[in-house]
Protein chains: 2
Amino acid sequence: MPNNQFKRGELYSVINGMASIAVARRLQKNFRQAGLEITIEQWSVLYHLWKEDGLSQQELCNRTFRDKPSITRLIDNLEKQKLVKRVSSKEDRRMNLVYLTDSARELQDITIGLANQTMDEALVDVGKDDIEVVKLVLQKVYDNLK
Amino acid sequence: MPNNQFKRGELYSVINGMASIAVARRLQKNFRQAGLEITIEQWSVLYHLWKEDGLSQQELCNRTFRDKPSITRLIDNLEKQKLVKRVSSKEDRRMNLVYLTDSARELQDITIGLANQTMDEALVDVGKDDIEVVKLVLQKVYDNLK
DNA sequence: GGCATATAGTTAGTTATGCAACTATTTCAA
DNA sequence: TTGAAATAGTTGCATAACTAACTATATGCC
């Protein structure tokens, strides 16, 4: 087979592969080293609740790009760890609204600090302009495939 | 809390989030629509074997950025589907060398075609120069965290 | 009002990931 | 040469992802 068939495929591994996995692992490691027992997936849910508390599970699906079963189980686990509470909505009884507990609110500053530190570690020697290009391209990729 | 604490954190979701997930889902969908019953994870292993057959599991770990248990189980499943075969190395009996079967070789052209098509869909209206910047930045991110 | 349809969430089954602990083999140095 | 350390791979356990099938509630049209 012609070898150039692989050339474009490399792009897949670049965009999809190493970098995002490496960032995720480093963030998880930074959490662990700080003695925090939450997963990055759980953190990504809390992150959206810190910005706006009391979101429905469906809204969390939209904002975290996950499907409904994934959110159901993430909330299950967060509830077990007493970080969130499901409250069934009074306007629409199909909906659960998800609220932070006090212990979750305590995690906000330190974990966001660790996330920022992780991105600083990841972006050493990367120019601001280049970062902007990456953000725009990845946003465009997402829009293209949505 | 000051709202700008979130600002840098957004980078995490940009680099780690939507785009790579969207690309992966689209590729999986394109495989499914073509009637191919392999996962993108299995495909990523085959991809490296097409480039060089008979790699050890450890070498597949390095090239796919996975740990050893992940590769063990991916190879388990690929072996069940009769796409690869483990052959214990004669030079070093600790090692399994992983070889493609004929059915796996048949998948090469069509799946790499689908991966290239997926990247074309993802990269509509993205300039070649910008793609180069993304590749360089993500490579740099990976190196920074390695 | 009543029934079809849409929406919110859950459950079950399969695949995959990460960590820790384990076995088997090889290497290397005292 | 032998015994400690390194390396290759596997297994068990927990978390998370996707699909498909399911329940419950709400909406909307006739």
Side-chain angles (χ1 to χ4, degrees), chain A residues 16-18 20-33 36-45 54-81 83-84 86-98, chain B residues 16-18 20-33 36-45 54-81 83-84 86-98:
Chain A
N16 207 4
M18 340 171 291
S20 66
I21 292 172
V23 173
R25 283 186 193 147
R26 176 63 62 94
L27 181 56
Q28 182 73 72
K29 188 177 149 196
N30 286 344
F31 281 173
R32 209 170 35 242
Q33 282 180 350
L36 301 175
E37 300 217 335
I38 58 171
T39 66
I40 49 179
E41 290 82 6
Q42 293 171 354
W43 177 77
S44 76
V45 171
L55 295 172
S56 70
Q57 296 190 194
Q58 181 57 52
E59 191 52 34
L60 284 169
C61 292
N62 301 338
R63 301 200 187 185
T64 64
F65 314 107
R66 290 186 170 83
D67 63 0
K68 289 192 289 181
S70 298
I71 288 296
T72 293
R73 295 205 167 109
L74 279 173
I75 303 293
D76 284 351
N77 285 331
L78 284 167
E79 228 176 10
K80 270 187 222 154
Q81 297 176 253
L83 293 171
V84 304
R86 282 179 170 98
V87 177
S88 128
S89 161
K90 278 168 188 154
E91 281 105 51
D92 184 339
R93 288 190 308 162
R94 289 171 305 181
M95 288 203 294
N96 290 332
L97 304 182
V98 182
Chain B
N16 208 3
M18 340 173 289
S20 65
I21 292 172
V23 172
R25 283 185 194 147
R26 177 62 63 93
L27 181 56
Q28 183 74 69
K29 188 176 148 197
N30 286 344
F31 281 172
R32 209 170 35 244
Q33 282 181 348
L36 301 174
E37 300 217 336
I38 58 171
T39 66
I40 49 178
E41 290 83 5
Q42 293 171 354
W43 177 78
S44 76
V45 171
L55 295 172
S56 69
Q57 295 189 196
Q58 181 57 53
E59 190 52 36
L60 284 169
C61 293
N62 301 339
R63 301 198 186 186
T64 64
F65 313 106
R66 291 186 169 83
D67 65 358
K68 289 192 289 181
S70 297
I71 287 297
T72 293
R73 289 186 179 125
L74 279 173
I75 304 292
D76 285 350
N77 285 331
L78 284 167
E79 228 175 10
K80 270 188 223 155
Q81 297 176 255
L83 293 171
V84 305
R86 282 180 171 98
V87 177
S88 129
S89 160
K90 279 168 188 156
E91 283 105 49
D92 185 338
R93 287 189 308 162
R94 289 171 303 183
M95 288 202 295
N96 291 333
L97 305 182
V98 182

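Just so you know, these numbers come straight off a predicted model, no measurement behind them. A note on names: the letters A, B, ... follow the listed sequences, proteins ahead of strands, and every chain is numbered from 1. Because only heavy atoms are used, hydrogens play no part in the values below, and waters and symmetry mates are left out as well, while side chains stay in.
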Listing time: all N or O pairs from protein to nucleotides 1-7 of chain D that are below 3.5 Å?
from  : atom 1 : to      : atom 2 : distance (Å)
D:dT7 : O2     : B:Arg94 : NH1    : 2.9

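For A:Arg32, the side chain to side chain donor-acceptor pair (under 3.5 Å) criterion is met by no residue, not counting sequence neighbours. Residues that satisfy the side chain to side chain donor-acceptor pair (under 3.5 Å) test with B:Arg86, not counting sequence neighbours, are B:Gln57, B:Asp76, B:Glu79. Partners of A:Lys90 under the side chain to side chain donor-acceptor pair (under 3.5 Å) rule, at least two apart in sequence or in another chain, do not exist in this structure.
Taking every nucleotide of DNA chain C with any atom under 4.0 Å from a non-hydrogen atom of chain A, the first and last of them, 5' to 3', are C:dA6 to C:dC19.
Residue contacts shown for A:Asp76 are absent, as no nucleic acid heavy atom lies under 4.0 Å away. Heavy atoms of B:Arg66 sit under 4.0 angstrom from primed sugar atoms or phosphate atoms, though from no base atom.
You'll find that the side chain of B:Gln57 is closest to D:dT10, out of D:dA26, D:dT10, D:dA17. For A:Asp92, the side-chain atoms get nearest to D:dA26 when compared with the rest of D:dT11, D:dC18, D:dA26.
Between the side chain of A:Gln28 and the backbone N or O of A:Val23, no donor-acceptor pair lies under 3.5 Å.
Residues B:Gln42 and B:Gln81 bring a donor and an acceptor atom of their side chains to less than 3.5 Å of each other.
Sorted by first and then second residue, the salt bridge (Lys or Arg N to Asp or Glu O under 4.0 Å) pairs with a member in residues 59-70 of chain B read B:Glu52-B:Arg63, B:Glu59-B:Arg63; sequence neighbours excluded.
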